[in-house]
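Here's the structure we're looking at; comments come further down.
Sequential numbering from 1 along the given sequence is applied to the chain's residues. Values below: every heavy atom of this structure, side chains too, minus hydrogens, waters and symmetry copies.
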Amino acid sequence: MDLHKSPAPTDRQPVAPADLRCSDADRDRIADLLREALAEGRLTADEHAERVEGVLNAKTVGELDRFVRDLPAGHPRRGATAYTPTPNRPAPGAIPAEPDESVVAVFSSAVRKGRWRPGRRMHAYAVFGSVEIDLSEAIFEYQQIVIKAISVFGNVEIRVPENVSLRGTGGGVLGNFEVTPLDSAEREAPVVYVDGLAVLGNVEARPKRGKLVADILDRVSDKVDRALRKHLGR
């Protein structure tokens, strides 16, 4: 019986950048560019709504680029430096060996969130407990931050803004150590490094949807606010 199956590829040819599957962060980045174009008057409300719908349904990076191809924001600025991948480890000597702060939860819970100033190094220990470190509204005074997370029958959750870079090096022993890598489009954006160990526990670090470092992309929200006020006749 011939099922007409397509044969599996026999070689590992590199995938073109435009054919890569896009992530939620990629879709949000294009949506931000469309909101900015709407605020500048480059798109009408109907055009903006149509393109946003297409962005939500896009599957690849190439499909996303079609929606900003005719917009200035969709092209690199002249004189812009080439993209440099964020290293997996901080620069030598940039981070002190001793933590600026330790967050400990033993048969309890501990939380750091809101408008706070994280140091260059933070240690988080969850032993039969839960630690939450939320950097989505933090004030970043340093460009590189290291969070060492140790979970023993516990849970450590780390959340970062969507426009910073996130890297992780760690592991689990009958546990889960998961860091969702993130690359910021801004060269000077903060970088959060997460390392550590999960022993019969969980360590998870990922971006928090809709949260941005204000001093990187605040101009976008300002323009959107002005556009909304204009649309509402205020």
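Looking at heavy atoms from C-beta onward, Lys208 lies out of side-chain contact with Glu162 at the 4.5 angstrom threshold. Side-chain contact between Ile95 and Arg89 is absent, with no heavy-atom pair separated by less than 4.5 Å. In this structure the side chain of Thr180 reaches within 4.5 angstrom of the side chain of Pro207, judged on heavy atoms. Two residues are said to be in side-chain contact when any heavy atoms from C-beta on lie closer than 4.5 Å; Val203 and Ser151 meet this criterion. Glu157 is listed as a side-chain neighbour of Asn155, based on a closest heavy-atom distance under 4.5 Å. When side chains are defined from C-beta on, Lys148 does not count as touching Leu197, because their heavy atoms never get closer than 4.5 Å. The side-chain heavy atoms of Pro161 and Phe140, taken from C-beta on, include a pair separated by under 4.5 Å. Side-chain contact check for Tyr193 versus Pro87: some heavy-atom pair is nearer than 4.5 Å.
Looking at Asp100, its side chain does come within 3.5 Å of a backbone N or O of Arg121 through a donor-acceptor pair. Put simply, the side chain of Asp28 never gets that close to the backbone of Ala25: no donor and acceptor are under 3.5 Å apart. Distance alone, capped at 3.5 Å, is enough to place a donor-acceptor pair between the Ser165 side chain and the Ser184 backbone. Under a 3.5 Å cut-off, the side chain of Arg167 and the backbone N or O of Leu182 do form a donor-acceptor pair. Between the side chain of Asn57 and the backbone N or O of Glu53, at least one donor-acceptor pair lies under 3.5 Å. In this structure, the side chain of Gln143 engages the main chain of Ala189 through a donor-acceptor pair within 3.5 Å.
Note: the hydrophobic cluster containing Val156 also contains Leu166 (ILVMFWY, side chain heavy atoms under 4.5 Å, direct or indirect links). Under the 4.5 Å side-chain heavy-atom criterion for grouping Ile, Leu, Val, Met, Phe, Trp and Tyr, Leu200 is connected to Tyr125 within one hydrophobic cluster. No path of Ile, Leu, Val, Met, Phe, Trp and Tyr side chains, each step under 4.5 Å between heavy atoms, connects Ile150 with Ile145, placing them in separate hydrophobic clusters. Taking hydrophobic clusters as Ile, Leu, Val, Met, Phe, Trp and Tyr residues chained together by side-chain heavy-atom distances below 4.5 Å, Val191 does not share a cluster with Val179. Cluster annotation: Phe128 is connected to Val199 through the hydrophobic network of ILVMFWY side chains, with a link wherever side-chain heavy atoms come within less than 4.5 Å.
Of the charged side-chain nitrogens involved, none lies within less than 4.0 Å of a carboxylate oxygen, so that Arg115 and Glu137 do not count as a salt-bridged pair. Salt-bridge check for Arg51 with Asp70: passed, with a basic side-chain N closer than 4.0 Å to an acidic carboxylate O.
Note that CD1 of Ile147 is 9.5 Å distant from CG of Asp195, once rounded to the nearest 0.5 Å. In this structure, the separation between CG on Leu43 and CD on Glu50 is 10.5 Å, given to the nearest 0.5 Å. Distance CZ/Arg66 to OG1/Thr60: 8.5 Å, rounded to 0.5 Å. Distance check: Thr169 OG1 to Phe177 CZ gives 6.5 Å after rounding to the nearest 0.5 Å. Atom CZ of Phe67 sits about 11.0 Å away from atom CZ of Arg27, to the nearest 0.5 Å. Within the model, atoms CG of Leu33 and CZ of Arg42 stand 11.5 Å from one another, a figure rounded to the nearest 0.5 Å.
What you find for Ala94 and Gln144 is that their closest heavy atoms are CB-NE2, 3.4 Å. Listed here is the closest heavy atom pair of Pro99 and Ser102: CG-OG, 3.8 Å. Of all the heavy atoms in Val103 and Arg112, the pair that sits closest is CG2-CG, 3.9 Å.
Atom CD of Glu101 sits in a crowded spot, with more than 12 heavy atoms from other residues, nucleotides or ligands closer than 6.0 Å. Atom CD of Glu141 sits in a crowded spot, with more than 12 heavy atoms from other residues, nucleotides or ligands closer than 6.0 Å.
Of the listed residues (Ile158, Val192, Ile133), just one forms a side chain to side chain contact (heavy atoms under 4.5 Å, CB included) with Met122, and that residue is Ile133. The residue from Asp134, Ile139, Leu135 that alone fulfils the side chain to side chain contact (heavy atoms under 4.5 Å, CB included) condition with Trp116 is Leu135.
Cation-pi check for Arg120 over Tyr142 is met; the charged atom lies under 6.0 angstrom from the ring centroid and within 45 degrees of its normal.
Neither side chain, Thr44 nor Asp46, offers a donor N or O lying under 3.5 Å from an acceptor on the other.
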